[in-house]
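One structure is given below, encoded as C-alpha cells.
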Amino acid sequence: MKYDIKTLTLEEKLSLLVGGGNMHTSDANAKLPVVYVADGPLGLRSHQNYPNRPRIVNMATGIENPFVEPTAMPALHVLCNSWDPELVARNASSIADDCIDNGVDVLLAPGVNIKRSPLCGRNFEYFSEDPYLAGTMAKAYIEGVQGTGLGTSLKHFCANNSEYDRNAISSEIDERTLREIYLAPFEIALQAKPTTVMCSYNLINGVYASENGYLLSEILRGEFGFDGLIVSDWGATHNAVRAAQATLDLTMPYAPEHIEALRAGYENGELTEAQIDERAGKVLGLIEKTKIERRATTTKPERHDIAVKAAKESIVLLKNEENILPLTGGKLLVAGLFGKLPPYGGGGSSKVPTSYQPAPLTELLSARLGERAELSYALAHDYGALGSSTQYATKVYQKAYGADVTLLCVGTNPQLEFEGGDREHLRLPQVYEDMILRTAKATENLVVIVYAGSAIDMSAWIDKVKAVVFVGFAGEGGNEALADILTGAACPCGKLSETFPLCLEDAPTGTKRGGNGFVDRYTEGVFVGYRWYDETEKEVLFPFGHGLSYAKFEYSDLTVTKTGVAEYEVSYTVKNLSAVDGKEISQVYVRDVFAAVSRPKKELKGYSKDLIKAGESKRITVKLDYRSFAYYSTALKKWHVENGEFEILVGASSQDLPLKAKILIDDAPDQYSKPY
Ligand code: GLC
C-alpha cells in the first residue's frame with residue numbers, strides 16, 4: 001500500500017524520523033501502521049509478542065499461541081565456516097519464519113564488519129576477516145530473509161571492528177583501506193538490496209557514523225546506489241539535525257529530545273521541509289515494503305533441523321592425528337560442561353531466548369555408536385563453581401586414564417565474548433587449559449572440542465592432543481551436529497573464515513584493545529587477517545580457509561580462460577581419493593605480481609563448495625571479473641586494474657594452494673606509466 005506524505009502534518013513527519021518506541025516506528029498520530037523490528041543474526045531475540053502478529057491458533061489446544069519460541073541458529077562466524085551461500089540463505093529464511101510467526105517486520109541482521117582484531121567481542125556475530133567472503137555471505141543472508149518478505153538491516157556501517165569503548169572511538173582509516181577492506185563487504189552485500197542499513201556507534205576519521213555525510217550520502221547512497229532506509233544503531237545518534245543532513249533517516253530508539261532537536265532545526269532553518277520530507281519518505285517506503293502479508297513456510301521442528309544441518313556443514317575439524325576421528329567405539333569419556341550445555345551464541349543483543357536443550361553428548365554419541373561404545377561423563381569444571389575446578393579436574397584425570405578416547409569440551413561463553421566488550425586474551429580460561437594439560441598426562445588419546453566465538457590461542461596444549469574440533473557458537477543444534485561428525489555419520493566439511501594466530505601478539509592489532517585514547521589508527525592498512533600474516537611472513541596456528549575432512553582431495557588440471565577485459569574463467573579438477581563421500585571447499589586467490597602500490601600477497605576472489613563422492617572427480621569453474629584483479633586507486637579515485645602479470649592460485653586453504661597459473665593482463669583501460 002502506498003502512503004502519501006502530503007497527508008501528514010509537519011509534526012507527524014518529524015515524529016517519523018525517530019522511533020515510536022524501543023523496537024518499532026512511529027504511527028504518526030495513528031495515521032500509519034507501525035513497523036516492528038527485532039534482533040538478530042543468530043535468531044529472533046525478542047520475548048515480546050508483537051501486537052500485529054498473525055493470529056496463529058495452536059491446533060492441539062485451540063488457543064492462540066501467544067509467542068512462538070525462536071530457534072537458536074548457529075552464530076554467523078560458524079555459518080561462514082560452511083562457505084555455502086545457499087545454506088546461509090536457508091538458515092536466514094528460517095530465522096525470518098520465527099520473526100513472521102511473532103509479528104516482526106524487520107530482522108536487524110546481518111552484521112558484516114570485518115574481523116580486524118581476534119579480540120573483538122562481537123566477532124561471533126560477524127562473518128570473516130576477508131571482505132569477499134564476508135560480503136558474499138551477507139548477500140546470501142539478506143536474500144534468504146527478504147525472500148520471505150521480511151526486511152533486513154545490514155550492519156554496522158561502518159568500521160565498527162572492536163567493542164571496547166565503541167561509542168567514543170574514531171576508526172582512523174586511509175581511503176584505500178576503507179574501500180578495499182571495510183566498505184567492500186557492504187558493497188557486495190548491497191547487491192541483495194537490503195531494506196535498511198544500520199549505521200555504527202563509532203566515529204570514522206573523526207565524524208560519527210550517524211552524521212557522516214561522506215559515508216552515508218556520498219558513498220552509501222551516491223556511489224553504492226543504496227535507496228533504502230538508513231537507521232541508527234540504538235543510541236548512536238548524537239545530533240539528530242546533523243544526522244538528518246547526512247541523510248540518516250531513522251534514529252532509534254524513541255527519545256523526545258531528538259524530536260525536539262529536529263523541530264528546532266526546522267524552525268531555525270538548519271533543516272528544510274524538503275529535507276524532512278525526504279527522510280520521512282524513506283520511513284514511508286519502509287512501511288510500504290514491510291507491512292505486507294507474510295506466512296512462515298517452515299514449522300518449528302523444521303527450523304531446528306535447519307539449525308542442526310547448518311552446524312553440521314560448518315563445524316571445522318582442525319586437527320586429526322592418527323585419524324583418531326571418527327570414533328569407532330570402546331570406552332569413551334566426555335568431559336566438560338559444554339558436553340551437556342553448550343553455549344549457543346555470545347552475549348548481547350544477538351542472544352536468542354530459547355528453552356531448547358540438547359540431549360547430553362554422551363547420549364547423542366551412544367545413539368550413534370550403539371553397543372560398540374561405553375560412554376561416561378565427567379563435569380570437569382562448572383563455570384559457576386570456579387573454586388571446584390581442581391576437584392572436578394581430578395575426576396577427569398582418573399576417568400581419562402581408563403578410557404580409550406577422551407573428549408574434552410572446552411571454550412568460552414557469553415560472559416567472555418559479548419557485545420560491548422572485547423576479550424583480553426585469546427587463550428581458553430585457565431581452568432580449561434589446566435584440565436587439558438592435566439588430562440594429557442593421563443591419556444594420549446585426547447580430543448579437544450572448542451566452543452568459542454572467535455580465534456583461540458591453543459599454543460599451550462595443541463601438541464599434547466590428537467584432535468581438535470572447532471564447533472564455535474553453533475546454536476541449539478550444535479551438539480547434535482557434532483555427534484554426527486564425531487561418529488562419522490557426517491563428514492566434516494567446514495573451513496575457517498578467520499585465521500587462528502599462534503599468539504595474540506602476532507595479530508595485526510597485537511594486544512591493543514580499542515584505540516590510543518579516542519583514536520584507533522588502522523596502521524596495518526589493507527593487511528588484515530591472512531593478508532597480514534602473509535605480508536609479515538608470520539606462521540599461524542591454523543590458516544584462513546583451513547579445515548580437514550575424513551575424505552582426501554587432490555587438485556589438478558588448472559586452466560584459466562580469458563572471457564573479456566580482466567575477466568577469466570578458472571577451471572580445475574578436484575578428485576576424492578578416499579572411500580568416503582565428502583564436501584570440499586576449494587578456494588581461488590589472486591596475486592598482482594608487480595603492482596605499483598603495496599598489495600597483499602594474495603586475496604580470496606572465488607570459492608566453491610562441492611559434494612564429491614568417494615573415488616569421483618569434479619570439474620569446477622569459478623569466474624573472475626574486473627574487481628577480482630583491481631585495487632582502489634586513491635590517485636584515480638576508482639577501482640583500477642594495472643596491466644601486468646597476475647597469478648591465480650587454487651587449493652584447499654590460504655596456505656595449501658597446489659595449483660598456480662600465471663596470466664598477463666594487457667588490455668585493461670586507463671593505464672599509466674610504470675617504474676619498470
Ligand atoms: C545494539 C546493537 C545492534 C542491535 C541494536 C538493537 O546496540 O549494536 O546490533 O541491532 O542495538 O538491539
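Note that the structure is predicted; figures quoted are calculated from it, not measured. In listed order, ligands and their atoms are each counted from 1.
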For this session: Determine, for Asp233 against Arg166, whether the closest basic-nitrogen to carboxylate-oxygen distance falls under 4.0 angstrom.
Result: no
Problem set entry | Glu175 bridged to Arg179 by N-O distance under 4.0 Å | yes
Problem set entry | Side chain proximity check, Ser162 to Arg116, heavy atoms < 4.5 angstrom | no
For this session: Answer whether the closest heavy-atom distance between the side chains of Lys139 and Glu143 falls below 4.5 Å.
Result: yes
For this session: Return the protein residues near ligand 1 (heavy atom under 4.0 Å from any of its atoms), ordered by chain and residue number.
Result: Asp39, Arg45, Leu108, Arg122, Lys155, His156, Arg166, Met198, Tyr201, Asp233, Trp234, Ser349, Glu419
Problem set entry | Residues in side chain to side chain contact (heavy atoms under 4.5 Å, CB included) contact with Asn22, at least two apart in sequence or another chain | Trp234, Pro253
Exercise. Should Tyr141 and Val112 count as side-chain neighbours, where that means a heavy-atom distance under 4.5 Å?
Worked result: no
